[in-house]
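Notes follow the structure.
Since the structure is predicted, the reported quantities are computational estimates derived from the model, not experimental observations. Values reported hereafter were calculated over all heavy atoms of this structure, with side chains retained and with hydrogens, waters and symmetry mates removed.
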Amino acid sequence: MSLSDHPKAYGSAAVALAFTAGILVTLGFKDLYPDLEYRYQRRQRPSQARLADRRRSSMFWGQPVKLEDHESQPQSPSPGQPGVGIESCIGNTPLIEISSLSRATGRIILAKAEFLNGAGNSPKDRVALNMIREAEKAGLLVPHRGDTIYEGTVGSTGISLATLARARGYKAHICMPDDQALEKSDLLHHLGAAVERVPVAPITSPDHFVNLARRRAEAHTADSTDASRGFFANQFESEANWHAHLETTGPEIWKQTGGELDAFVAGAGTGGTVTGVARYLKLEAEASAVQVVLADPQGSGLYNKIKHGVMYSNTEREGTRRRQQVDSMVEGIGITRVTENFEAGRDLVDDAVKVTDEQACRMARWLVENDGIFVGSSSSVNCVAAVVTAMGLPEGSRVVTVLCDSGTRHLSKFWKKIKEMGLEENEASDLFHELGISA
């Protein structure tokens, strides 16, 4: 007798078949769903309304479903698990709210605590590691061959390179202008690097610290008798610079904010941080509504480049003026030329804020008094620009900036100036009065 002659048996078989098919579809969907969620988050910047809709649509499951993508993030040890070497201390830095700035502005101001990178204690750890890795891939550096990494830097990149060079089997030779804080060159010496402090010179001069480092690397390779090579890291022009922030800093900020940010504010020395993060937010995450704002110290030409399209006035045609140094006590950001790193994302920078030395000093002291945050000059510039940017956005907006390094690297210059201004004697009570800006 055929199965069709027994309706009950036929019905039971159909139910069993449907149940089995349902299990197979569910198992397949389980693996597919995280990828769909990841793609959705990268294609849409979730607004509060979308988040609310997402929560309502998740009520079927009882609790909102939160799926995370981990493959796009740099691999780091799980909590409680050991990392391998100093490199495992780089990246995945905290994103913290600066409470006093949030209260004063009525907007949420968040800061990426890049001074907690564990090698050189600045965002340059990411850059230095990526430049070394790329050089190793290209065969330009070979561990324990006697190779030396040469770089022209005002400090932070040199410190990161000196630390990682030792860890990976290289030597480091750093050229820096002699107007930088002494504690930076002292630290480099303690890290085992050779340091040349040279007179300040324009980039067009062969004695500019960057050009000198390039020459030193070339001479090392040409004169080598032991097969060792000199490698010029070239942080200002190397694509490995902005790629480091595209691949790590940007994704970290996006993940830590859940895609909920309205502006990203950062200064530019080489330009790698602001352009790398901008490229991730606007091109990878497709968050075109996020404003990217340059924080620029006095004397730098990048503010004019963003606001007016030229570095200088019409009487000083770009590329012809011989300037020695940015007229600012701020170290690490501010420059009078457009680097390849900055050019990589210049069209993605929406606005710029110029910050005076006095504003930077007053912000640094404000952060100590109100938040217990002790940072250097570039971090202070970033925070001033973050406040200005925040006040141009609706209340409740979220602004992300960068805390670059600790104030301990700026004692002999920046913090000495703060003391001379008498800012350590009286506590400020009005942020906007201190900065000289409108509330």
Side-chain angles (χ1 to χ4, degrees), residues 38 41-42 68-79 81 83-96 110-137 156-157 159-161 163-164 167-168 233-236 238-261 264-287 290 292 332-333 339-342 344-345 348-349 378-379 382 400-405:
Y38 170 69
Q41 289 180 349
R42 286 169 65 90
E68 298 180 356
D69 169 63
H70 297 283
E71 294 184 359
S72 63
Q73 301 299 321
Q75 295 299 312
S76 59
S78 300
Q81 298 297 314
V84 179
I86 195 67
E87 295 173 17
S88 62
C89 300
I90 298 174
N92 294 311
T93 55
L95 185 70
I96 62 173
L110 305 167
K112 190 80 164 129
E114 287 293 276
F115 61 87
L116 293 179
N117 280 302
N121 310 125
S122 80
K124 297 302 184 181
D125 279 0
R126 302 174 187 266
V127 174
L129 180 59
N130 203 39
M131 289 193 298
I132 291 173
R133 284 176 171 170
E134 291 301 313
E136 289 174 340
K137 290 179 184 177
S156 292
T157 304
I159 293 167
S160 297
L161 282 171
T163 304
L164 292 169
R168 297 179 76 91
N234 198 18
Q235 60 165 328
F236 287 89
S238 171
E239 288 190 355
N241 184 336
W242 66 263
H243 272 285
H245 296 290
L246 171 73
E247 295 163 6
T248 65
T249 317
E252 287 173 28
I253 290 172
W254 185 253
K255 180 179 179 181
Q256 289 169 322
T257 60
E260 285 296 308
L261 71 160
F264 173 72
V265 180
T270 63
T273 301
V274 68
T275 58
V277 173
R279 287 179 70 96
Y280 180 82
L281 294 176
K282 299 223 174 192
L283 303 181
E284 297 292 321
E286 299 183 6
V290 176
V292 175
I333 59 174
T339 65
E340 290 296 326
N341 276 283
F342 190 71
L348 301 176
V349 179
S378 57
S379 301
N382 285 345
V400 175
T401 191
V402 180
L403 299 180
C404 307
D405 61 5

Short N-O contact, Glu114 and Arg126, less than 4.0 angstrom: yes
Quick one: closest heavy-atom pair of Ile86 and Ala167, and the distance? CG2-CB, 3.9 Å
For His245 and Val277, which heavy atoms make the closest approach, and how far apart are they? CB-N, 4.2 Å
Salt bridge (charged side-chain N to carboxylate O under 4.0 Å, His left out) partners for Arg279, two or more places apart: none
Inter-residue atom distance Asp405.CG - Phe115.CZ, 0.5 Å rounding: 9.5 Å
Spacing of Asp125 atom CG and Thr93 atom OG1 [to the nearest 0.5 Å]: 10.0 Å
Option from Thr401, Leu110, Val402 for which side-chain contact (heavy atoms from CB on, under 4.5 Å) with Phe264 holds: Val402
Pair Leu161-Lys124, side-chain contact (heavy atoms from CB on, under 4.5 Å): steps then yes or no: CA-CA 8 Å; Leu161 282 171; Lys124 297 302 184 181; over 6 Å; no
Sequence-distant partners of Glu340, salt bridge (charged side-chain N to carboxylate O under 4.0 Å, His left out), two or more places apart: none
Verdict with reasoning, Cys404 to Asn382, per side-chain contact (heavy atoms from CB on, under 4.5 Å): CA-CA 9 Å; Cys404 307; Asn382 285 345; 3.6 Å; yes
Are Val127 and Thr273 packed together at the side-chain level, in the sense that at least one heavy-atom pair is separated by less than 4.5 angstrom? no
Compare every heavy atom of Ala233 with every heavy atom of Met131, then report the nearest pair and how far apart it is. SD-O, 3.5 Å
For the residue pair Thr157 and Gln235, confirm or rule out a side-chain donor-acceptor distance under 3.5 Å. yes
Looking at every non-hydrogen atom in both residues, tell me the closest pair between Lys282 and Val292 and how far apart they are. CE-CG2, 3.7 Å
Intermediate values then yes/no, side-chain contact (heavy atoms from CB on, under 4.5 Å), Val274 and Trp242: CA-CA 8 Å; Val274 68; Trp242 66 263; over 6 Å; no
Does any non-hydrogen side-chain atom of Ile90 lie less than 4.5 Å from one of Thr248? no
For Phe236 and Gly269, which heavy atoms make the closest approach, and how far apart are they? CE2-O, 4.0 Å
NE2 of His243 to CG of Asn341, rounded to nearest 0.5 Å, is 9.5 Å
Pairwise distance CD(Glu286) to CG(Leu281) - rounded to 0.5 angstrom: 12.0 Å
Hey, is Glu134 close enough to Lys137 for a salt bridge, meaning N to O under 4.0 Å? yes
Rounded to the nearest 0.5 Å, what's the gap from CZ on Phe342 to OG1 on Thr275? Could you check? 8.0 Å
Taking atom OG of Ser122 and atom CG of Leu403, what is their separation to the nearest 0.5 Å? 12.5 Å
Under the side-chain contact (heavy atoms from CB on, under 4.5 Å) rule, what do Leu164 and Leu129 come out as? Steps first, then yes or no, please. CA-CA 7 Å; Leu164 292 169; Leu129 180 59; 3.9 Å; yes
Quick check: do Glu252 and Leu95 have side-chain heavy atoms less than 4.5 Å from each other? no
With no hydrogens and no angle check, is any side-chain donor or acceptor of Thr257 less than 3.5 Å from a backbone partner on Ile253? yes
Which heavy atom in Gly272 sits nearest to a heavy atom in Asn241, and how many Å separate them? CA-OD1, 3.3 Å
